[in-house]
Amino acid sequence: MQNKVLIIYTGGTIGMVQGKDGSLHPFALKGIFEAVPQLELCDYTIDSCQLDNIIDSSNMTPRVWVDIAGIIEREYDNYDGFVVLHGTDTMAYTASALSFMLENLGKPVVLTGSQLPVGVLRSDGRENIVCALEIASCKEVVIPEVCVFFENRLYRGNRSTKVSAENFDAFKSYNYPSLAKAGITITYKKHLILPPPDKPLKVHKLFDEHIAVLKLFPGISKELVDSILHTPHLKAAIIEAYGSGNALTEKWFIDSLQDAIERGILLMDVTQCKAGAVKLRQYEASCDMERIGVISGHDITIEAAVTKMMHVLGICTNAPDTVRYMMENPICGEFSKN
Ligand code: ASP
């Protein structure tokens, strides 16, 4: 029997056309199929659907993640895999969010998009769609993960990050190798893929958006730090620190963090570096943060940190110890502990 794949179209450059003013805006799914006649040749069945509102992914919200996850939940038993066509700008956020929402995922969910609209002659979209579909429909290697496919590589979704607004290889996964590479054939690295689940799919749809990202820079002021940490209803903040998780050691800064922690705000240290991990206590410049109770994000991406924080706060209301435990431990391969 032929495998079946469902394409979920959300918007993004891949399906955009140029408006009268020259700017790109999202267009209907039909145009994408017309631009990729190769899809007729596939030896698997392709169905498609689109969100009610097709968006530039800069307008992505947790509400839309719930819509996408809801489609996958509803159609889970009807398809062998899913391809989500998505704008590149927030694709890594959506891939990360879906990885946390789709607990016990046993089928591939592959996000892809393109740097040039699929109707443009030199578009990277056709290749990306065809490869994403081949991976999502593969009978021999079933990837039970949310992934991002871009320019020949399949990445774990919650490890991926957009690195270029210009090049076709717009995504990278610096802290975890790619799961597959598309050349003449698609080569899977089976030892890097998560094991299949032993429980049925469970879809989590709650997010708590009361979080903040505090990006450090030389010269950052106490007023700015305090205003972020005193955001009304704030429950957690991700500190984007330097290098291996280092920050200024000035007393006012540590006092502000400690005050936030005492007010019940969870603080997590991630690195501004694209590659490598937070190693608290490696330098004196991170010892105080560890001492006062800032937790390590290890080698998590900022996209995975933000979405996981909102997810964990959403599902563990009024359980700060559980929130802390879940943030300190990987859920679905989003970081490696050092
Ligand atoms: N602004 C577009 C989006 O993210 C960019 C893209 O798709 O490449 O929807």
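If you read the sequence from its start, that first residue is 1, and numbering goes on from there. Whatever order the structure lists ligands and atoms in, that order sets their numbers, starting from 1.
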Subset of ligand 1 atoms that lie under 4.0 Å from at least one heavy atom of T13: 2 (C), 5 (C), 6 (C), 7 (O), 8 (O)

Under 3.5 Å: N/O of S57 near N/O of ligand 1: yes

Salt-bridge contact R291-D288 (side-chain N to carboxylate O under 4.0 Å): yes

Polar atom proximity, K162 to ligand 1 (N or O, under 3.5 Å): no

Within reach of ligand 1, part of S114 (heavy-atom separation under 4.0 Å): backbone

Check ion pair K162-D89 (N to O, under 4.0 angstrom): yes

Y155 side chain to F171 backbone, donor-acceptor under 3.5 Å: yes

Heavy-atom nearest neighbour in the protein, as seen from atom 1 (N) of ligand 1, with distance rounded to 0.1 Å: D89 OD2, 2.8 Å

Ring geometry between F100 and H311 (parallel below 30°, tilted from 30 to 60°, perpendicular above 60°): parallel

N or O contact, T88 vs ligand 1, cut-off under 3.5 Å: yes

Carboxylate-amine/guanidinium proximity below 4.0 Å for R153 and D169: no

